[in-house]
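In what follows, a single structure is set out as structure tokens and then discussed.
No hydrogens, no waters, no symmetry mates; every other heavy atom, side chains included, goes into these values.
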Amino acid sequence: HHEYIVRDPSQALPVYMVHFEYDPEEDEKLALPLCDNCGLKAAHVYCEADDANLCKACDAKIHSVNSIAARHVRMDVNMRPGQFMGACPTHLDTEADKYCIECRVPLCKHCRSLGSHSSGEAAGHRIIGLLEAHKHELRSGGKRQNVMPERQEVEDRLKAELDSLLAAVQAAGQEAENEIYFRIQEAVRQGKDLAEEQATLFLADVLEARRQLDESAWMESFLEKVKGLPPPDFMQAWLQHCKIREDVARLGAMGKTRVSVGLRVEGGLRLVASDPPHPI
């Protein structure tokens, strides 16, 4: 059992379209009559000897009184004499009483006198009573069903194949979803690694810049610190300091800052529907 949500009404296609006309004032011709004995329940059998429509309970009660009553012939209430057998499919206001075996359609008196079976090839078709055709179909219907392919088996096999395809599609969708999540997580992890790498490089540049600034500040303040030394000590310290300044000047100033800063996302994911899998 599967449930689906259809958001577009145009996707809901009807299997059958039924059109009928109803007149509430017209007598119901196909309704079961009430039991003539109890008058409460719907009648299911007709007793020809008693000329009575009986429900199942009253039929069992009345025809079990003695052996004579038990021999009464009963029939289905819809088969009783004078029962309305249904309207003709062509002339809806006329009762159908005959049946064409070749066309397999019910006929009324108008069909045989002025309608489709009044002339031509159809006039020579074999026509029998509608009740006789009804009894024959009830007797032979089961045999014909045995000759026809087992529809239930075909439908069950088709349903099993569709269920297998549906399960395969759902599994493929879940697999694609898992793959997308994995790739997204992998991209996020790589982004974090690249961001940490860039942050480490820029932190190293910051520390180096601070070191060079501290070194420059120290060299600028050196003269004030050695002024109070004796001349021999001052000259020795000052010459060493001048050598250090020359080395720093030869090495150059602080390097240029890095040009590449930050990250950007390139590329994308695209899902493609593959051929449907074959059921096992």
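- For the atom pair CG of Leu54 and CG of Asp36, the computed distance is 6.5 Å after rounding to the nearest 0.5 Å.
- The number of heavy atoms from other shown groups lying within 6.0 Å of NE2 (His134) does not exceed 12.
- Considering every non-hydrogen atom in both Ala122 and His117, the closest pair reads O-CD2, 3.3 Å.
- Counting heavy-atom neighbours within 6.0 Å of Arg211 CZ, excluding the residue itself, gives a total above 12.
- Scored by the side chain to side chain donor-acceptor pair (under 3.5 Å) test, Glu48 finds no partners at all (sequence neighbours excluded).
- The shortest side-chain heavy-atom distance between Cys38 and Cys58 falls under the 4.5 Å cut-off.
- Taking the side chain as every heavy atom from C-beta outward, Pro230 and Asp233 approach each other to under 4.5 Å.
- Counting heavy atoms from C-beta outward, Pro106 and Lys98 have side chains that stay 4.5 Å or more apart.
- Taking CG from Leu107 and OG1 from Thr94, the interatomic distance works out to 12.0 Å, rounded to the nearest 0.5 Å.
- A chain of hydrophobic side-chain contacts below 4.5 Å, direct or via other Ile, Leu, Val, Met, Phe, Trp or Tyr residues, connects Leu229 to Met235.
- Annotation: side chain to side chain donor-acceptor pair (under 3.5 Å) contacts of Glu132 (sequence neighbours excluded): none.
- Contact annotation: the side chain of Asp50 approaches that of His72 to within less than 4.5 Å [non-hydrogen atoms, C-beta and beyond].
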Hey, mind stepping through Glu175 and Glu179 against side-chain contact (heavy atoms from CB on, under 4.5 Å) and telling me if it holds? CA-CA 6 Å; Glu175 184 178 354; Glu179 179 67 18; 5.7 Å; no

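- Asp97 has its side chain within reach of Arg112: a pair of non-hydrogen atoms, C-beta onward, lies under 4.5 Å apart.
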The test is side-chain contact (heavy atoms from CB on, under 4.5 Å); show your working for Arg104 and Glu137 and say whether it passes.
CA-CA 11 Å; Arg104 302 184 65 84; Glu137 290 296 328; 3.6 Å; yes

Item to complete: Apply side-chain contact (heavy atoms from CB on, under 4.5 Å) to the pair Val154 and Arg157, showing each step before the final yes or no.
Response: CA-CA 5 Å; Val154 175; Arg157 184 171 65 252; 4.0 Å; yes

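- Cys88 places none of its side-chain heavy atoms less than 4.5 Å from the side chain of Glu95.
- Linking ILVMFWY residues whenever their side-chain heavy atoms come closer than 4.5 Å, directly or via other members, places Ile127 and Val105 in the same cluster.
- A donor-acceptor contact shorter than 3.5 Å is absent between the side chain of Ser164 and the backbone of Ala160.
- With sequence neighbours left out, Asn66 forms a side chain to side chain donor-acceptor pair (under 3.5 Å) with no residue at all.
- Atoms CD1 and CD1, on Ile184 and Ile180 in that order, are 6.5 Å from each other to the nearest 0.5 Å.
- A distance of 12.0 Å separates CD1 in Ile68 from NE2 in His63, rounded to the nearest 0.5 Å.
- For the pair Ala96 and Leu130, the tightest heavy-atom approach, listed with the atom from each and the gap, is O-CD2, 3.4 Å.
- Of the charged side-chain nitrogens involved, none lies within less than 4.0 Å of a carboxylate oxygen, so that Glu155 and Lys159 do not count as a salt-bridged pair.
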- Message: Assess the residue pair Glu196 and Lys192 against the criterion (salt bridge (Lys or Arg N to Asp or Glu O under 4.0 Å)); give the C-alpha distance rounded to whole Å, side-chain angles, the decisive distance to 0.1 Å, and a yes or no.
- Response: CA-CA 6 Å; Glu196 291 178 359; Lys192 289 182 178 179; over 6 Å; no

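- Counting heavy atoms from C-beta outward, Asp59 and Arg74 have side chains that approach closer than 4.5 Å.
- In this structure the side chain of Asp193 reaches within 4.5 angstrom of the side chain of Arg189, judged on heavy atoms.
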Under the salt bridge (Lys or Arg N to Asp or Glu O under 4.0 Å) criterion, do Glu246 and Lys243 qualify, and how do the steps go?
CA-CA 5 Å; Glu246 291 175 357; Lys243 184 178 180 181; over 6 Å; no

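- Rounding to the nearest 0.5 Å places CG of Asp51 at 3.5 Å from OH of Tyr46.
- Counting all heavy atoms, side chain and backbone alike, Asn53 lies closest to Ala43 at CB-CB, 3.6 Å.
- In this structure, OH on Tyr99 lies 8.0 Å from CD1 on Ile128, to the nearest 0.5 angstrom.
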inquiry  = Evaluate Val77 against Val45 for side-chain contact (heavy atoms from CB on, under 4.5 Å), listing each step before the verdict.
reply    = CA-CA 4 Å; Val77 71; Val45 297; 5.9 Å; no

